Amino acid sequence: MTLRLTSAPVSGIQKKRSVTSKSRASPFATHARRQPTSAAVGRKPAAAELGLDEPLGDIGRSDYITHSARVGNVEEAIRYVGTKIFDELPERAGMNSTRIAEVLNLRRSLPPLASVAHVHTLMDAPTQVEREIVELVKSGRVRRLIVPGRGNDAADLGDCLVLAEDWEKLVRDSSALNIDVKEKFIDILNRIGNCTAISQSIFTIDEYRALMRAGFLVSSSVITQGSLNVASLPSLPTVAFSSASRREPNNPFNTDRPVQTNAQARAATLFLSLPNTGTYLRLLSSGRDHLISLLRRSSHAEAPLSMLKDRWEGAIETDKSYHQAKLARGEFAGILPGKTKKWKDLYGMHFNWIVEEALGAGLVELFETGSVGPGIRCL
């Protein structure tokens with residue numbers, strides 16, 4: 001029998017393999033093609049499905065804050081507020097050494113303040129908290145610092161608390177004061193109780209000027225820049241001194257000195273303060289404003305809390321596995337932290353911290369959605 005060799009079988013096999021190769025390259029190669037329908041074109045985006053175009057479900061008040069920040073008393077709450085304001089500096093910050101130094105220096109310079117509104121938010125027991133604050137202030141363990149001209153509504157920035165031990169440490173660590181002024185000022189703080197204003201006559205001219213330059217006293221002239229007026233000033237303290245106190249003619253503690261009239265005393269009133277209090281309050285105000293602006297990007301000024309956090313973080317790269325895989329391949333994995341508003345303007349302010357502040361100030365409220373976790377809305 002003669003063996004016949006033709007190209008037909010070979011061509012058939014190659015043609016068959018070609019079809020198989022195409023099918024492996026795309027499982028949908030054999031599917032019929034069709035134009036997109038009007039229903040597909042009009043489909044709502046995923047963002048809308050999360051409730052941005054329609055109001056989120058609301059099944060009641062959320063306890064997210066009290067569960068995430070567990071504090072047992074007012075003193076713990078004050079320490080929490082002072083230590084949780086900023087995130088840790090990331091390894092890949094996208095900032096040069098000069099900028100990193102600026103961030104760290106500003107953080108170290110801020111006073112250990114906690115707004116009363118923030119403390120109330122953390123503990124969520126208004127009557128108990130206010131009673132405890134009064135007791136701590138009376139006992140001298142906590143001082144209540146009232147900053148004039150910072151508003152008197154629900155979003156007041158000027159009602160703050162600070163631990164007495166932290167205040168004293170700031171005075172003792174100040175390089176702008178000599179040892180005599182430090183000791184005298186601390187002694188006066190211990191004697192005036194919960195007063196926030198003192199008479200200028202207690203100090204010599206050099207002493208009160210040094211204390212003002214160091215940031216521990218501010219002049220009563222600041223009341224002209226805010227909502228506080230002279231009639232609302234707290235009464236000036238009557239500082240009592242023991243009989244053991246020296247009564248030298250030039251001793252500012254001398255109780256035999258002429259008593260000032262009420263008008264004279266108010267004209268020479270000094271308010272207690274802490275260094276860089278203004279910087280702290282401006283940063284806090286900027287954080288509140290930024291949070292609200294991000295929330296107002298959503299319809300109805302509300303969004304899932306997790307989505308708002310993503311906006312706050314600025315879509316930065318993280319240490320999650322898929323981001324790390326992209327970095328290993330040299331692909332884009334989100335912008336670096338140093339390029340976001342959180343780090344450029346707010347020095348790495350923690351998201352939960354500013355939410356707690358805004359919640360305590362009555363600017364936002366948290367609620368349970370029943371589907372996408374806690375929600376947050378503007379008030």
Side-chain angles (χ1 to χ4, degrees), residues 78 81-82 106 108-118 137 140 142-153 155-178 180-239 252 260 262-286:
I78 294 173
V81 174
L106 179 127
R108 284 192 291 265
S109 71
L110 296 180
L113 292 173
S115 69
V116 174
H118 201 149
V137 170
V142 169
R143 299 200 65 87
R144 193 162 188 166
L145 181 65
I146 307 297
V147 183
R150 288 294 179 171
N152 53 11
D153 56 5
D156 184 11
L157 288 169
D159 192 1
C160 303
L161 301 173
V162 58
L163 296 175
E165 60 188 59
D166 290 342
W167 195 314
E168 182 173 336
K169 185 177 186 302
L170 285 176
V171 175
R172 295 194 182 279
D173 292 345
S174 175
S175 60
L177 302 175
N178 62 47
D180 293 334
V181 175
K182 291 178 182 179
E183 294 300 331
K184 179 175 178 179
F185 185 59
I186 291 173
D187 183 57
I188 290 175
L189 287 177
N190 293 333
R191 293 172 183 270
I192 64 176
N194 59 355
C195 293
T196 60
I198 58 180
S199 173
Q200 180 178 309
S201 62
I202 295 177
F203 303 100
T204 66
I205 295 177
D206 290 339
E207 287 171 345
Y208 83 74
R209 285 180 177 174
L211 287 165
M212 290 180 67
R213 284 194 298 268
F216 293 104
L217 292 176
V218 292
S219 172
S220 59
S221 60
V222 298
I223 64 175
T224 61
Q225 302 173 7
S227 59
L228 204 64
N229 54 38
V230 174
S232 66
L233 289 175
S235 59
L236 295 174
T238 301
V239 182
Q260 291 179 309
N262 188 58
Q264 289 173 330
R266 294 203 182 278
T269 299
L270 298 173
F271 287 96
L272 296 178
S273 182
L274 288 176
N276 296 310
T277 296
T279 301
Y280 175 88
L281 295 180
R282 285 192 296 272
L283 183 65
L284 172 55
S285 179
S286 297

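Treat the numbers as computed from the prediction; the structure is a model and nothing was measured.
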Note to self: Are Asp206 and Val181 packed together at the side-chain level, in the sense that at least one heavy-atom pair is separated by less than 4.5 angstrom?
What the structure shows: no

Check: Of the non-hydrogen atoms in Phe271 and Ser219, which two are nearest, and what is the gap between them?
Finding: CD1-O, 4.3 Å

Notebook entry, point to check: Is there a donor-acceptor contact under 3.5 Å from the side chain of Ser109 to the main chain of Leu106?
Noted result: yes

Next item on the list: Determine the sole option in Arg213, Lys182, Lys184 for which the salt bridge (Lys or Arg N to Asp or Glu O under 4.0 Å) test with Glu207 is passed.
Entry: Lys184

Check: Glu183 and Arg172: salt bridge (charged side-chain N to carboxylate O under 4.0 Å, His left out), yes or no, with the steps?
Finding: CA-CA 8 Å; Glu183 294 300 331; Arg172 295 194 182 279; 2.7 Å; yes

Next item on the list: Please examine the side chains of Glu168 and Val171, heavy atoms only from C-beta on, and report whether any two atoms are closer than 4.5 Å.
Entry: no

Checklist line | Minimum heavy-atom distance Phe216-Pro275, with the two atoms named | finding: CE2-CD, 3.6 Å

Notebook entry, point to check: If you measure from CG on Leu211 to CD1 on Ile198, what distance do you get to the nearest 0.5 Å?
Noted result: 8.0 Å

Notebook entry, point to check: About how many Å separate CG of Leu189 and SG of Cys195, when rounded to the nearest 0.5 Å?
Noted result: 11.0 Å

Check: Roughly how far apart are Ser199 OG and Ile192 CD1, rounded to 0.5 Å?
Finding: 11.5 Å

Note to self: Could you tell me if the side chain of Phe185 sits less than 4.5 Å from the side chain of Leu177, heavy atoms only?
What the structure shows: no

Checklist line | Donor-acceptor under 3.5 Å (Ser174 side chain, Leu170 main chain) | finding: no

Note to self: To the nearest 0.5 Å, what is the distance between SG on Cys160 and CD1 on Ile78?
What the structure shows: 10.5 Å

Margin query: I'd like to check Gln200 versus Leu217 (side-chain heavy atoms, cut-off strictly below 4.5 Å). Are they in contact?
Written below: no

Margin query: Please give me the minimum heavy-atom distance between Leu145 and Leu272, naming the atom from each residue.
Written below: CD1-O, 3.1 Å

Next item on the list: Say whether, by atom type as modelled, one donor and one acceptor occur between the side chain of Arg191 and the main chain of Ile186 under 3.5 angstrom.
Entry: no

Next item on the list: Identify the heavy atoms of Tyr280 and Pro111 that sit nearest to each other, and give their distance.
Entry: CB-CD, 3.9 Å

Notebook entry, point to check: Just wondering, do Asp159 and Arg144 contact through their side chains at under 4.5 Å, heavy atoms?
Noted result: yes

Checklist line | Distance (rounded to the nearest 0.5 Å) between Leu283 CG and Asn276 CG | finding: 11.5 Å

